[in-house]
Colleague: 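Got a structure for you, questions after.
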Amino acid sequence: MRGEDEKQSAMFSYVRLEQRIPSDHPLRSIRWMTDRALERMSGKFDELYAATGRPSIAPERLIRGQLLQVLYSLRSERQLIEQLDYNLLFRWFVGLEMDDEVWDVTVFTKNRERLISGEVSQGLLASVLVQARENNLLSEEHFTVDGTLIQAWAGARSFAEKSDPPKPGAGSGYGGEVLLRDKVESKTDPEARLFKKATADKSVPSYQGHALMENRSGLVVGAEASQSATNAEREVALDLLDQVLVTAQPSNPEQQVTLGADTQYQDEKFIEALRQRAIAPHVSEYVKGNLGKNSLHEAERADPRRSISQRKRKLIERVFGWGKLDRPLRQVKLRGLKRVDWFFRLVIIAYDLVRMRRLIPFSA
């Protein structure tokens, strides 16, 4: 019997929003892990907001919303708000009920600076990793580091000559060489620099994203964005190592920490800095051209763990590939280093949550 195409809509719904989300939906486990991480940060949020006055949009909801933007490749916060108005799955993940009014898109702009100044993304990454550590997913001895180019939200035509370029020897090139990116700056995003990672590539307005990955599960334990520069990858790598090793809990304190990296990190000063930190430099060496840059000792080359580190090193490329394939990290739509750093770390957090979803048992 053919059904009737009734036009009258129901006035009430007797199905809760929670019931509309399938029990095996991937977002359920991600929401569960995100909520646990945000609960640990409740005290931090209290410090960022005044004790009196009109209640603001809960920072937990704003963060869950921006994680959705990354996970579902939404091109802007305005599109995210549009989706929240009619997408029940998104409403449930953020924490809105079916009848709740969706906030204005400007709340992201107004609250982003507060969350950035409070280093919320750094705290959220650390809080997410607590769950990974509780489930024995993290290696505390073996790491990999790498960097990627993040195209800035600025056009090449927006660049003009600087009024105060750096002096000779103080540039961002090798050995302090003053390059074109040191002599010009963008009118729309002054902190973005013209840069290319390969000789054959075209220089584009960009930033650099850096990630430090542990080798057991391929989870990123440290992330930071910087201005584009030849030596930025090595300098930030050392900073990330210093931050992570302070909280690391090696299962065998007598075992030397290792760091895998590609030939971009084959630099005498960087290798020596690793030795000073008692870190085994499992850095790839040049096999033709630039042979003079190879700085490893024979004992370091013969380390049997070095081949393992080089195999594991390829896992970090998945991080950048995931973030750039069809997500906003391919060309970030925020301007300024602090905002790009904030968004880059959110992308890394989303990647860790997606990977942990497959590694941590969850039942709705």
Side-chain angles (χ1 to χ4, degrees), residues 70 116 121-122 125 143-156 158-159 166 170-186 188-213 220-244 259-267 269-270 273 283-284 313 316-325 327-351:
V70 175
I116 291 175
S121 63
Q122 292 91 322
L125 177 59
F143 301 94
T144 297
V145 70
D146 203 358
T148 189
L149 203 67
I150 304 172
Q151 189 171 347
W153 194 245
S158 68
F159 280 79
S172 62
Y174 185 78
E177 181 184 0
V178 178
L179 303 176
L180 176 62
R181 60 175 174 265
D182 302 314
K183 300 177 183 178
V184 297
E185 68 178 6
S186 171
T188 54
D189 188 357
E191 292 184 287
R193 288 177 174 175
L194 291 172
F195 191 77
K196 58 182 179 179
K197 291 203 70 174
T199 305
D201 289 344
K202 179 182 177 181
S203 295
V204 294
S206 63
Y207 293 92
Q208 282 183 284
H210 312 272
L212 181 66
M213 180 193 75
V220 178
V221 294
E224 185 177 330
S226 72
Q227 287 184 296
S228 298
T230 305
N231 57 351
E233 292 193 22
R234 298 184 288 272
E235 292 177 355
V236 176
L238 294 175
D239 290 339
L240 292 177
L241 281 168
D242 291 340
Q243 295 171 23
V244 169
L259 180 71
D262 59 25
T263 51
Q264 191 77 315
Y265 296 83
Q266 189 59 247
D267 177 81
K269 293 182 179 179
F270 179 75
V283 181
S284 178
R313 178 174 64 83
I316 202 168
E317 298 297 342
R318 297 182 182 179
V319 180
F320 301 138
W322 183 88
K324 286 185 172 184
L325 180 62
R327 290 178 172 81
L329 195 59
R330 177 179 291 275
Q331 184 175 20
V332 67
K333 293 189 177 182
L334 296 173
R335 292 181 175 135
L337 178 58
K338 288 184 178 180
R339 297 183 184 92
V340 173
D341 178 59
W342 155 265
F343 188 74
F344 174 70
R345 198 173 288 107
L346 279 182
V347 174
I348 295 300
I349 292 168
Y351 174 84

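Positions are given from 1, in the same order as the sequence printed here.
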Colleague: Please determine whether side chain to side chain contact (heavy atoms under 4.5 Å, CB included) holds for the pair Leu259 and Phe270, giving the CA-CA distance in whole Å, both sets of side-chain angles, and the decisive distance to 0.1 Å.
Modeller: CA-CA 12 Å; Leu259 180 71; Phe270 179 75; 3.9 Å; yes

Colleague: Using side chain to side chain contact (heavy atoms under 4.5 Å, CB included), reason through Ile348 and Val319 one step at a time and then give a plain yes or no.
Modeller: CA-CA 8 Å; Ile348 295 300; Val319 180; 3.6 Å; yes

Colleague: Applying side chain to side chain contact (heavy atoms under 4.5 Å, CB included) to Asp262 and Val283, what does each step give before you reach the verdict?
Modeller: CA-CA 6 Å; Asp262 59 25; Val283 181; over 6 Å; no

Colleague: At their closest point, which heavy atom of Phe344 faces which heavy atom of His210, and how far apart are they?
Modeller: CE2-O, 3.3 Å

Colleague: Can you measure from CG (Asp341) to CG (Leu334) and round to the nearest 0.5 angstrom?
Modeller: 11.0 Å

Colleague: Do Leu241 and Leu212 come close enough that some side-chain heavy atom pair is under 4.5 Å?
Modeller: yes

Colleague: Would you say the side-chain atoms of Ser228 and Ser206 include a donor-acceptor pair closer than 3.5 Å?
Modeller: yes

Colleague: Roughly how far apart are Lys197 NZ and Ser203 OG, rounded to 0.5 Å?
Modeller: 13.5 Å

Colleague: Closest approach of Ala261 and Val145, non-hydrogen atoms and distance?
Modeller: CB-CG1, 3.9 Å

Colleague: Less than 4.0 Å between a side-chain N and a carboxylate O, is that true for Arg339 and Glu191?
Modeller: no

Colleague: Do other residues, nucleotides or ligands put more than 12 heavy atoms under 6.0 Å from the NZ atom of Lys338?
Modeller: no

Colleague: Quiz question: by atom type and distance under 3.5 Å, do the side chains of Ser121 and Arg345 form a donor-acceptor pair?
Modeller: yes

Colleague: For the residue pair Arg234 and Thr230, what are the closest heavy atoms and their distance?
Modeller: NH2-O, 3.8 Å

Colleague: Where is the tightest heavy-atom contact between Pro205 and Phe159, given as atom of each residue plus distance?
Modeller: CG-CE1, 3.4 Å

Colleague: Are Gln243 and Glu224 packed together at the side-chain level, in the sense that at least one heavy-atom pair is separated by less than 4.5 angstrom?
Modeller: yes

Colleague: For Leu337 and Ala225, work out which heavy atoms get closest and say how close.
Modeller: CD1-O, 3.7 Å

Colleague: Measure the NZ-OG1 distance between Lys324 and Thr148 for me, rounded to the nearest 0.5 Å.
Modeller: 2.5 Å

Colleague: To the nearest 0.5 Å, what is the distance between CZ (Arg193) and CD (Gln227)?
Modeller: 4.0 Å

Colleague: Students often mix this up, so state it plainly: with edges at 30° and 60°, are the rings of Tyr351 and Trp322 parallel, tilted or perpendicular?
Modeller: perpendicular

Colleague: If you define the side chain from C-beta out and look only at heavy atoms, does anything of Val340 sit under 4.5 Å from Trp153?
Modeller: no

Colleague: Using 0.5 Å steps for rounding, measure from the CG atom of Leu238 to the NZ atom of Lys269.
Modeller: 12.0 Å

Colleague: Please check this pair: side chain of Asp182 against backbone of Leu179, looking for a donor-acceptor N/O pair closer than 3.5 Å.
Modeller: yes

Colleague: Where do Thr188 and Ser158 come nearest, in terms of heavy atoms and distance?
Modeller: OG1-OG, 3.6 Å

Colleague: Given side chains that start at C-beta, do those of Val184 and Leu194 come closer than 4.5 Å, heavy atoms only?
Modeller: yes

Colleague: Between Val244 and Phe143, does a side chain to side chain contact (heavy atoms under 4.5 Å, CB included) hold up when you go through it step by step?
Modeller: CA-CA 10 Å; Val244 169; Phe143 301 94; 4.0 Å; yes

Colleague: Would you compute the distance between atom CD1 of Ile150 and atom CG of Leu329 and round it to the nearest 0.5 angstrom?
Modeller: 4.5 Å

Colleague: Any luck finding a side-chain donor-acceptor pair between Glu233 and Tyr265 under 3.5 Å?
Modeller: yes

Colleague: For the pair Asp189 (side chain) and Arg335 (backbone), establish whether a donor and an acceptor sit closer than 3.5 Å, ignoring hydrogens and angles.
Modeller: no

